[in-house]
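Working notes for the structure below.
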There are 2 protein chains.
Amino acid sequence: MKFSRTSQRRVILSELRKLKSHPTADELYTIVREKLPQISLGTVYRNLDQMAEAGIVQRLELCGRQKRFDGNIDRHYHMRCPDCGAVKDVENDRMSHVESILSDVLEDLDAEGFWIEFTGQCKDCNKPRVEII
Amino acid sequence: MKFSRTSQRRVILSELRKLKSHPTADELYTIVREKLPQISLGTVYRNLDQMAEAGIVQRLELCGRQKRFDGNIDRHYHMRCPDCGAVKDVENDRMSHVESILSDVLEDLDAEGFWIEFTGQCKDCNKPRVEII
DNA sequence: CCATTTTTAGTAATGATTACTATTTTTAAA
DNA sequence: TTTAAAAATAGTAATCATTACTAAAAATGG
Ligand SMILES: [Mn+2]
Ligand SMILES: [Mn+2]
Ligand SMILES: [Zn+2]
Ligand SMILES: [Zn+2]
C-alpha cells in the first residue's frame with residue numbers, strides 16, 4: 001500500500017530516468033544489475049508495474065498481451081475497456097480531421113503510419129473498476 | 001506465397017467477418033471449432049497471421065509483445081521501428097492541435113483517454129526484423 | 001492420373017510475464 | 001532503541017500466448 005524505500009526501487013527508477021531507450025523490463029534488469037548484481041528479474045517487473053500504477057513511470061502501450069483481429073480492414077477506430085478488456089468500434093466525424101493533421105505529422109517525422117486507440121469503460125461492463133491508490 | 005482454398009481458411013475468415021467482438025485467436029478458435037471440430041489452434045493462429053500480412057484481415061496492433069517503460073511521464077509520443085522494434089520519442093507542434101480535437105472526440109464517445117503511436121523505420125536501423133507485432 | 005506445393009493436426013518448444021514462498025528489510029509505534 | 005507488523009526481496013516455479021516442428025493430408029496445375 002505504501003512504498004518502502006529500497007535500494008532496488010531507487011536504482012530501477014534512477015536508471016530508467018537516465019535512459020532514452022524505453023527499455024523492456026529485462027533490458028532494464030541488465031542495466032540495474034551493474035549496480036545491484038543480486039537483484040532479481042521479478043523485482044524489476046514488480047517495481048515497474050507498481051510505479052506505473054502509481055504514475056511514477058509510464059508504461060508504453062494499452063493493449064493486453066493477446067492480439068486481437070478484425071474482419072473489417074477499413075480504417076476505423078477502437079475503444080478498449082480497461083476493466084473487461086473488450087474492444088469496440090467507435091466512430092466520430094472529427095477523426096477525418098485528425099487523420100489529415102496526422103498525415104502532415106507523418107511527413108514531418110518521416111514516419112510510415114500511426115495507430116490510435118481509445119480507452120473507456122463499456123456501458124454494459126459488469127466488472128467494476130479496481131481503484132488503485 | 002499463394003493461398004490455397006481450404007475449408008479451415010474459409011471458415012476462419014467468414015466467422016471473423018461475422019463478429020463485432022474483435023476476437024483473439026483462441027476466441028475465434030472456439031467459434032470455428034463448432035464448424036470444424038478437428039481444426040487446430042495453430043491453424044487459426046497461422047491463418048490469421050497470413051491473412052493479416054496479406055491485408056485480408058486487420059490485426060489490432062499497438063505495441064509489441066514486450067512492454068516498454070518510460071521515465072518521462074509527460075504526455076509525449078513515440079515512434080516504433082517495425083524492423084528492429086526500437087521506440088523513440090517524437091515531437092511535433094501539430095500534436096497539440098490533434099490533442100484538442102481528440103479531447104472533443106473523447107467527450108463525444110464518452111471515452112476516458114487515447115493512445116497514439118507512430119511507426120517508422122529508424123534512420124540507423126540495420127537490424128533484422130524481430131517481430132511483426 | 002501425377003508431381004509439386006501448400007496446408008494441416010498434433011505436439012513440443014519458446015519466451016514474457018506472473019505467482020509463490022521463505023527470508024530479509026523497512027517502517028512506525030512503543 | 002526495541003519490537004511487531006508490513007512491505008519487499010531473491011530465487012524459483014508456474015502460466016499462458018504464441019511460435020516452431022513434423023509427418024500426414026489436401027490442394028494445385030497440369
Ligand atoms: Mn473494428
Ligand atoms: Mn518517451
Ligand atoms: Zn468493459
Ligand atoms: Zn530500427
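Both backbone and side-chain heavy atoms feed into the values below; hydrogens, waters and symmetry mates do not. Since the model is a prediction, treat every value here as computed from it, not as a measurement.
At whole-Å resolution of the value, CZ in B:R33 and P in C:dT8 are 16 Å apart. Here D:dA20 presents its C1' atom at 13 Å from CG of B:L41, a figure rounded to the nearest Å. Taking atom CZ of residue B:R10 and atom P of nucleotide C:dT8, one finds them 12 Å apart after rounding to whole Å. Between the C1' atom of D:dA20 and the CG atom of B:D49 lies a distance of 13 Å, rounded to the nearest Å. For the pair B:L13 CG and C:dT7 C1', the computed distance is 16 Å after rounding to whole Å. Rounded to an integer number of Å, the gap from CZ of B:R9 to C1' of C:dT7 is 7 Å. To the nearest angstrom, C1' of D:dT19 lies 14 Å from CG of B:L48. Protein atom CD1 of B:I39 is 13 Å distant from nucleotide atom C1' of C:dG10, rounded to whole Å.
Considering only the side chain of A:Q38, D:dG11 comes nearest among D:dT9, D:dG11, C:dG10. Comparing C:dT17, D:dT9, C:dT7 by their nearest atom to the side chain of B:R46 picks out C:dT7. Closest to the side chain of B:Q8, from the set D:dA8, C:dA16, C:dA9, is C:dA9.
Cation-pi geometry between A:R75 and A:F114 is satisfied (NZ or CZ under 6.0 Å from the ring centre, within 45° of the ring normal).
Two residues, A:I12 and A:G42, neighbour DNA chain D, and the one matched to the more 5' nucleotide by heavy-atom proximity is A:I12.
The backbone N or O of B:S4 sits less than 3.5 Å from a side-chain atom of B:R9, completing a donor-acceptor pair. For B:T119 (side chain) and A:E112 (main-chain N/O), no donor-acceptor pair under 3.5 Å exists by modelled atom type.
Checking the phosphate oxygens (OP1, OP2) of D:dA7, no side-chain nitrogen or oxygen of A:Q50 falls inside 4.0 Å. Remark: B:S40 is not in phosphate contact with C:dG10, judged by side-chain N or O atoms under 4.0 Å from OP1 or OP2. Remark: B:Y45 is in phosphate contact with D:dT18, judged by side-chain N or O atoms under 4.0 Å from OP1 or OP2.
Proximity of A:H22 to B:D89: side-chain heavy atoms (C-beta onward) are separated by under 4.5 Å at one or more points.
When all heavy atoms are compared, the tightest approach of B:S40 to B:Y29 is C-CE1, 3.6 Å.
Within the model, atoms CG of A:N47 and CG of A:L28 stand 10.0 Å from one another, a figure rounded to the nearest 0.5 Å.
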Counting primed atoms, P, OP1 and OP2 as sugar-phosphate and everything else as base, the B/S/- map of nucleotides 21-30 of chain C against protein heavy atoms under 4.0 Å is -----SSS--
field: Residue pair B:R10, B:S7: steps toward the side-chain hydrogen bond (donor to acceptor under 3.5 Å, both in side chains) verdict
entry: CA-CA 5 Å; B:R10 179 175 44 77; B:S7 57; 4.9 Å; no
